**Student:** 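The following block contains the structure, expressed as structure tokens.
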Amino acid sequence: MQPIVAKFGGSSLADAGQFRKVRDIVLANAGRRYLVASAPGRRDSADQKVTDLLYRCHDLAAAGQDFSDPFNQIRERFAEIIRDLGLTFDLDGALSQIAQKLKSAPERDYAASRGEYLNARLLAAYLGYDFLDAADAVRFTPDGRFLAEETNARLSDALSRVERAVIPGFYGADAAGTIHTFSRGGSDVTGALAARAAGARLYENWTDVSGMLFTDPRIVPDPGTIRHITYRELRELSYMGASVLHEDAVFPVRAAGIPINIRNTNRPDDPGTMISHDLPAAEAQRVVTGVAGRKGFAAVQVELSLMNNEVGFGARLLNILAAHGVPFEHCPTGIDTISVVVDAESFNACRSAVLRQIELQLHPDHLSVEEGLAMIAVVGHGMGGAKGVAARVFSAVADAGVNIRMIDQGSSELNIIIGVDEADYENAVRGICRALG
Ligand code: ASP
């Protein structure tokens, strides 16, 4: 039977009580053979994540200052888990090695990785699982580039030698043994790599929510959980700000066709959200899967008579943005007009240079910048076949008293994207969810 890889996030392993919940979850299914652990997260909203404390230790150590205050807080976090669970573990020995290294050669990624390292060792000891150090299997180049194929080969080999193991998330090492981390939240990525390497039948991602929500609960209270979503829909919604998983965690499992199940450690009976290539037949009828969006966009609008006759006009415009390092997000066009929607912050950093180049190279009749745009994505596979969804979205926005400033529909008919004034953003989302949620 193919195994299940279960990744437990920081809040799922924040204290001894959470460790007990994790044990119950692991014992409930013998398939949960490979576990990936995060560092202890916040126990309540006033608490600090161990990873943040470790970064603090590093920054103080690198400045040659005393780091005993955050270091002792870390000691206390782990000591409490060990005490409450009755584990035998040489915490002082492990911590003094880390402190030595911080003093002699403070490396930021090494410091940050120690939360996952220690927590995974404790979880392995608690469950009687082997400990498999990510430094031996997850490979980076010396300049910190992740090596996917080498990692997969090493990890597959290492996993094939152990029946049950806990792997620390978030980090790996280069060939010389220097530690490198993924970006924040990167234990999700380690979980996905382990799932691929183990040929898992399922990648479970245990966190503190019962799955992905239909929309932002700060805008629409109790929006409901998405029971099943495809990888492509997830990508669209995450891109627009609905975050449930680290972005890089999707690709390894998606390529291997392994479904991801987002689950809640505090409500283990909730089914959570299942992410896979296709929807089950019962859900394939659903038209809209979720609504997400964000503020902070601007649109560069260029107008030129007979633009449609000028071969390469759009390419030259996009090249100017690219040359200044501004990625473009959407690009709705008319016969003689083209708008490029960009992230306002990266555009504003080189705004006058970009506009000057557009004037010089493209000689537009009219050039303007629309500021203060919010973009909203209405996402769902079912929109491809359903008639009238766009009409319902636009009426919903009109009924909310909001003016639509831009419309874009992806060629896959997987989404409808509308641009509205930032001030209208919440109202528009509420209106769309009322009509289509
Ligand atoms: N502990 C790391 C962080 O706080 C990685 C993770 O939890 O996924 O970002």
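In each ligand, atom 1 is the first atom listed, and ligand 1 is the first ligand listed. All heavy atoms count here, side chains included; hydrogens, waters and symmetry mates do not. Just so we're clear, the structure is a prediction, and the values are computed from it rather than from any experiment.
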**Student:** Give a yes/no verdict on whether any heavy atom in G10 is under 4.0 Å from an atom of ligand 1.
**Tutor:**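 G10: no contact with ligand 1 (<4.0 Å).
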**Student:** Between F182 and F140, how do the two ring planes meet: parallel, tilted or perpendicular, split at 30° and 60°?
**Tutor:**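 Geometry flag for F140 against F182: tilted rings.
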**Student:** Side chain, backbone, both or neither: which part of H246 has a heavy atom under 4.0 Å from ligand 1?
**Tutor:**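 H246 to ligand 1: no contact under 4.0 Å from either part.
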**Student:** So, for Y110 and Y117, is the gap between ring centers shorter than 6.0 Å?
**Tutor:**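 No: the rings miss the under 6.0 Å criterion.
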**Student:** For ligand 1, find out whether one of its N or O atoms is nearer than 3.5 Å to an N or O atom of S38.
**Tutor:**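 Yes - when backbone and side-chain N and O of S38 are compared with those of ligand 1, one distance drops under 3.5 Å.
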**Student:** Indicate whether the side chain of N415 and that of E236 have a donor and an acceptor atom separated by less than 3.5 Å.
**Tutor:**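 E236 and N415 do have a side-chain donor-acceptor pair below 3.5 Å.
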**Student:** Using a strict cut-off of 4.0 Å, indicate which atoms of ligand 1 neighbour a heavy atom of E116.
**Tutor:**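 Ligand 1 atoms under the 4.0 Å threshold to E116: 1 (N), 2 (C), 5 (C), 6 (C), 7 (O).
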**Student:** What protein heavy atom sits nearest atom 3 (C) of ligand 1, and how far away is it?
**Tutor:**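 The protein heavy atom lying closest is R184 NE, 3.3 Å.
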**Student:** Check whether any heavy atom of G115 sits under 4.0 Å from an atom of ligand 1.
**Tutor:**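 No heavy atom of G115 comes that close to ligand 1.
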**Student:** Going by the order shown, which atoms of ligand 1 are within less than 4.0 Å of some heavy atom of S187?
**Tutor:**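 Here the atoms of ligand 1 in question are 5 (C), 6 (C), 7 (O), 8 (O).
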**Student:** Whether R83 engages the ring of F78 as a cation-pi pair (distance to the six-membered ring centre under 6.0 angstrom, angle to the ring normal within 45°) should be assessed.
**Tutor:**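 Output no; distance or angle outside limits.
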**Student:** Mind checking whether Y34 and Y203 have ring centres under 6.0 Å apart?
**Tutor:**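 Here the rings of Y203 and Y34 have centres that are no less than 6.0 Å from each other.
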**Student:** Using a distance-only test with no angle check, is there a side-chain donor-acceptor pair under 3.5 angstrom linking H228 and T273?
**Tutor:**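 Judged by distance alone, the side chains do not pair up.
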